[in-house]
Protein chains: 2
Amino acid sequence: MAVTIKDVARAAGVSPSTVSRALSTPQLLLPETRERVQRAVQELGYHPNRAARGLITGRTGNIGLIVPDLTNPFFPGVVKGVQERAHESEFSVFLADTDEHAAAEADLVRALGKQVDGIILCSPRMSEAEVRAVAGETPVVMLNRRVGRIPSVTVDLGETIRQAVAHLVALGHRRIGYVAGPRNSWSNRERLRALRAAAAAAGVELEEIATVAPKFAGGVAVADVVLAAGVTAVVAYNDLVALGLLNRFAARGVAVPADISVVGFDDILFAEMVSPALTTLALPQEPTGRAGVELLLDLLEDPDRAGNARRELSAQLMVRGSTGPARPE
Amino acid sequence: MAVTIKDVARAAGVSPSTVSRALSTPQLLLPETRERVQRAVQELGYHPNRAARGLITGRTGNIGLIVPDLTNPFFPGVVKGVQERAHESEFSVFLADTDEHAAAEADLVRALGKQVDGIILCSPRMSEAEVRAVAGETPVVMLNRRVGRIPSVTVDLGETIRQAVAHLVALGHRRIGYVAGPRNSWSNRERLRALRAAAAAAGVELEEIATVAPKFAGGVAVADVVLAAGVTAVVAYNDLVALGLLNRFAARGVAVPADISVVGFDDILFAEMVSPALTTLALPQEPTGRAGVELLLDLLEDPDRAGNARRELSAQLMVRGSTGPARPE
DNA sequence: TTGAAAGCGCTACCAA
DNA sequence: TTGGTAGCGCTTTCAA
C-alpha cells in the first residue's frame, strides 16, 4: 500500500492536519515542526494523493488536451508546448486525439470533464453551438479558433498572408489557387478569407480549387486537379497537403517552382526537409500550446476576469525553394 | 456544482447505494428500480466522479504514457495506438514527453504513479536499475525495450535486418556504415548487434560511424563524416537521422542512391514523402501502442500471470529509392 | 432487493 | 501553532 498522510503524521509525531499544512502553508508551522514533517515526507517518499486532494479542493491538477490528429506534426508541437507549460505549474495533461472526428470532440470533453480542471481544445472541428455548450460545462480554452467570448489563442495570419501574396505577385503570379482544408475548420475559413482579401487588394485572381482532408494523401489526391486548374501558384491549407502536392508533382514530372509554385501553412519540420524546401507560413507551435495553458490557468484563477481572454501570436513567412518566378503563359 | 450520486438518488427516490449498484452491478436490482435510476442518470446527465471512485476501488481508470520525443513522428503513431486501445476499455491517457531526458523519466513515473493504474514507458532511456525500481512501485509495461521480467512489447528486427543487409549486399555494397542513436537506447544497441551479426554472416564490413541525437539535425550533422568514412551504404538509427543524411547529401550534391545508399528505421510517414523515398525497416507504430495497453490491462487484472508477458511484433523492409547499386570503387 | 453506515486520503474549519 | 472533526463523492460491507 502506498504511504498516506497518516503514515507521515505518525512518523513525524504530529497530526495529519499538520502534515497537510507543512505541504500547503509551511509558513504557518514552527520551523522545527516543519522540518520534522519534511524529513518524514522525504524518508517515506510521500506524495499526496491528488485524487483525494481534488475531492476536497475541487481542483484536480489535471488539464485535458484534445487534438484532431497527432499524425500531423503540427499538433505534436502544440502538445509539447502544452505539456511543458503545464508541468511547470505542476499540472498533468490528459491527451486525446479525435482522429478528425468532430463528433468525438464533445464526447471526449464530457468524458474528461470530471477529471480535469479545464480543457484545451486544439483546432476543434465541432460546431459553434457545441463549443458553447461544452464551454458552459467545463472551463475551456481554444487554440486556433474563436467562438464568442471563449478564451482563445490564435495566430494573426492577416499580415503574413498579405506578405505571402505579395511575394507571389512579385514573382509574376497572377492566378493563384487555394486547396482548402476541412469545411468545419475555422483556420481554413480564416485563411481563405484573408487570401481572398489579399488577392483582391493585389489585383490578382484567387481560385478555390478543392476541399481535401488535411493530410498528405489529400494533397496527393488533388494535385492533378490543381494542375488542370491552370494556376501558376498554389497555396495549400497546410504543409501536409502542400507536401502531398509536391510529391505528386514530382511523380508527374512537374517542376517546382519552375512550372508551379507551392505554399503551405504551419512550418512543420518536414517543410524544410524536402527539396525543394517548402515555402510556408510558419505558425508558432509550442508557443501556442504554452499560451493556451496560461490562458487556462488564468481562467481557473479568475473566471470572470479571464473570460474572453485572447492571445494572438504572430506568424512568419518562410520563403524557400518551392516558390519562384511564374512560368510565362 | 456537478451532479453527484446523491442528486440522482434523490431524483430516482432511492439511496445512493442503489444508484451505485445500478451502474456497477445492475443485475442485482429490480428491473423497475434499475430503469428508474437509469432514467434519472440520463436526465441529470450524471457521470460518476472517477477520482472519488478511485479512492475506494484503488483503480483510477487512467494510464500514463511516457515518450521520449513527440516531435519524432514515430511516437505519435504509438501514442495514437495507445489512446485508441485505452479508450476502447474506457481508460484515459496521461501523456508526458521527456524531451529525451533520461532523468525526467523516473520523476514523471513517480509524479504520475498515484493518478494512474499503470504506466507505459515508450522506448525509455533510463538505466536498467531505474527501470526495475519504478516497475517495483507501479505497474509498468515497456515498449521497445526489454529489462528482466517486465512486460514488454518489442519488434523482432533480426530477420528484417538480415533482409536489409542481404538487400544491400545484393546491390554490391561491401562496406556499410551505421550511424548510431543514443547510447542509452535499447533499440540502438539491438539494432547495432543485429546489424553486426548480419554483416558478419554476409561477409561484409560494418562500420559504426558516429553517435548522434535521434533527430533530423543529428543526421545533417553527421552526413559529412559519413561521406568521409568511405562506405557505399549507410544505415541510420532511425528515419529522422536518415532524412537528415539525405538532406545534407542533397545539399552537397551527393547523389542518392548513385553515390551512396541510405536506409532508416521506423517508416515514418515522411520516409515516403522525400525523393528519393527512403528505404526503411518499418516498425508497426499503432499496433505497438495497442499491444502495450493490452499487456498493461492484463497486468492490472492478474499481476502474477502477466508478469514477464511479452509481445513481439514484426517489422518489414520497405525498399524504396534511397537504396541502389553500389558505386564502383 | 434495498438502505445505512463506514471509510478511501485528503483538506478546511473551528477550537484550543 | 496545532489537533480534532467533518466531509468531498463514491463503493462496499452488513443488516434489514
Side-chain angles (χ1 to χ4, degrees), chain A residues 1-38 40-41 44-62 90 92 110-117 138, chain B residues 1-38 40-41 44-62 90 92 110-117 138:
Chain A
M1 201 52 212
V3 26
T4 77
I5 201 170
K6 282 189 191 168
D7 300 324
V8 180
R10 205 173 312 119
V14 296
S15 76
S17 322
T18 303
V19 176
S20 176
R21 271 187 287 259
L23 270 59
S24 53
T25 49
Q27 68 279 12
L28 294 186
L29 297 189
L30 276 181
E32 192 212 303
T33 323
R34 191 194 315 148
E35 275 158 34
R36 198 141 39 92
V37 173
Q38 281 166 348
V41 166
L44 301 182
Y46 168 70
H47 289 270
N49 181 323
R50 300 176 105 197
R53 172 184 287 175
L55 216 46
I56 286 207
T57 61
R59 291 292 212 90
T60 61
N62 299 146
E90 317 249 286
S92 298
R110 299 214 168 79
L112 243 47
K114 278 296 200 324
Q115 345 186 35
V116 301
D117 296 332
T138 310
Chain B
M1 200 53 211
V3 26
T4 76
I5 201 170
K6 281 190 192 168
D7 301 324
V8 179
R10 204 173 310 121
V14 296
S15 75
S17 325
T18 302
V19 176
S20 174
R21 272 187 284 259
L23 270 57
S24 53
T25 49
Q27 67 279 12
L28 294 186
L29 297 189
L30 234 62
E32 192 212 302
T33 324
R34 190 195 315 147
E35 277 158 34
R36 201 142 36 92
V37 173
Q38 282 166 347
V41 166
L44 301 182
Y46 170 70
H47 289 269
N49 180 322
R50 299 175 113 201
R53 172 183 287 173
L55 216 46
I56 289 204
T57 61
R59 290 294 210 90
T60 61
N62 299 145
E90 316 247 291
S92 297
R110 299 215 168 80
L112 243 48
K114 279 295 201 326
Q115 346 186 35
V116 301
D117 295 333
T138 310

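Order of the sequence lines sets the chain letters (A, B, ...), proteins ahead of strands, with each chain counted from 1. In this text the structure is predicted, and so the values were computed from the model without any measurement.
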Please classify the nucleic acid contact of A:T18 as base, sugar-phosphate, or nothing, using heavy-atom distances under 4.0 Å. sugar-phosphate
Picking from D:dG3, D:dC8, D:dC10, the nucleotide nearest the side-chain atoms of B:K6 would be D:dC8
From the list C:dC13, D:dC10, C:dC10, which nucleotide is the closest neighbour of the side chain of A:R21? C:dC13
note: A:R59, atom CZ; C:dC10, atom C1'; distance rounded to Å ~ 16 Å
Between B:A12 and B:A40, the two heavy atoms sitting closest are CB-CB, 3.9 Å
Using only modelled atom types and a 3.5 angstrom limit, is any donor from either the side chain of B:S17 or the base of C:dA4 paired with an acceptor on the other? yes
When rounded to the nearest 0.5 angstrom, what distance separates CZ in B:R21 from CZ in B:R34? 13.0 Å
Rounded interatomic separation in angstrom, taking CD from B:E32 and C1' from C:dT2: 13 Å
If you check the A:P16 side chain, which of D:dC10, C:dT2, C:dT11 turns out closest? C:dT11
Is it the case that over 12 heavy atoms from other parts of the model lie below 6.0 angstrom from the CD atom of A:Q27? yes
Checking contacts here: which listed nucleotide (C:dC10, D:dC10, C:dG3) is nearest the side-chain heavy atoms of B:T4? D:dC10
Polar pair under 3.5 Å, donor/acceptor by atom type, side chain A:T57, base C:dA12: no
Answer yes or no: does a side-chain N or O of B:S15 lie under 4.0 Å from OP1 or OP2 of C:dT2? no
Using heavy-atom distances to pick each residue's nearest nucleotide on DNA chain C, tell me which of B:I56 and B:L28 is more 5'. B:L28
Whole-Å gap separating C1' (C:dC8) and CG (A:N49): 9 Å
Has B:S92 got a side-chain atom pairing as donor or acceptor with B:N62's backbone, closer than 3.5 angstrom? no
Quick one: B:R10 CZ to C:dG3 P, roughly how many Å, whole number? 14 Å
In whole angstrom, give the distance that lies between atom CZ of B:R36 and atom P of C:dT1. 15 Å
Taken to the nearest whole Å, CD1/A:I5 to P/D:dA6 is 18 Å
B:T4 side, atom OG1; B:L44 side, atom CG - distance, nearest 0.5 Å: 9.5 Å
Taking the side chain of B:A52 as heavy atoms from C-beta outward, which of D:dC10, C:dG9, C:dG3 is closest to it? D:dC10
Side chain to side chain donor-acceptor pair (under 3.5 Å) for A:S15 and A:T18? Distances and angles first, verdict last. CA-CA 5 Å; A:S15 76; A:T18 303; 3.2 Å; yes
Would you mind reading off the distance between B:Q115 atom CD and C:dG9 atom C1', rounded to a whole angstrom? 14 Å
The side chain of A:L30 lies closest to which of these nucleotides: D:dT11, C:dT2, D:dT2? D:dT2
Nearest listed nucleotide, side chain of B:L55, among C:dT2, D:dT12, C:dG9: C:dG9
Sugar-phosphate, base or nothing in reach of A:S24, heavy atoms under 4.0 Å: nothing
Just how far, in rounded Å, is C1' of C:dC8 from CZ of B:R50? 17 Å
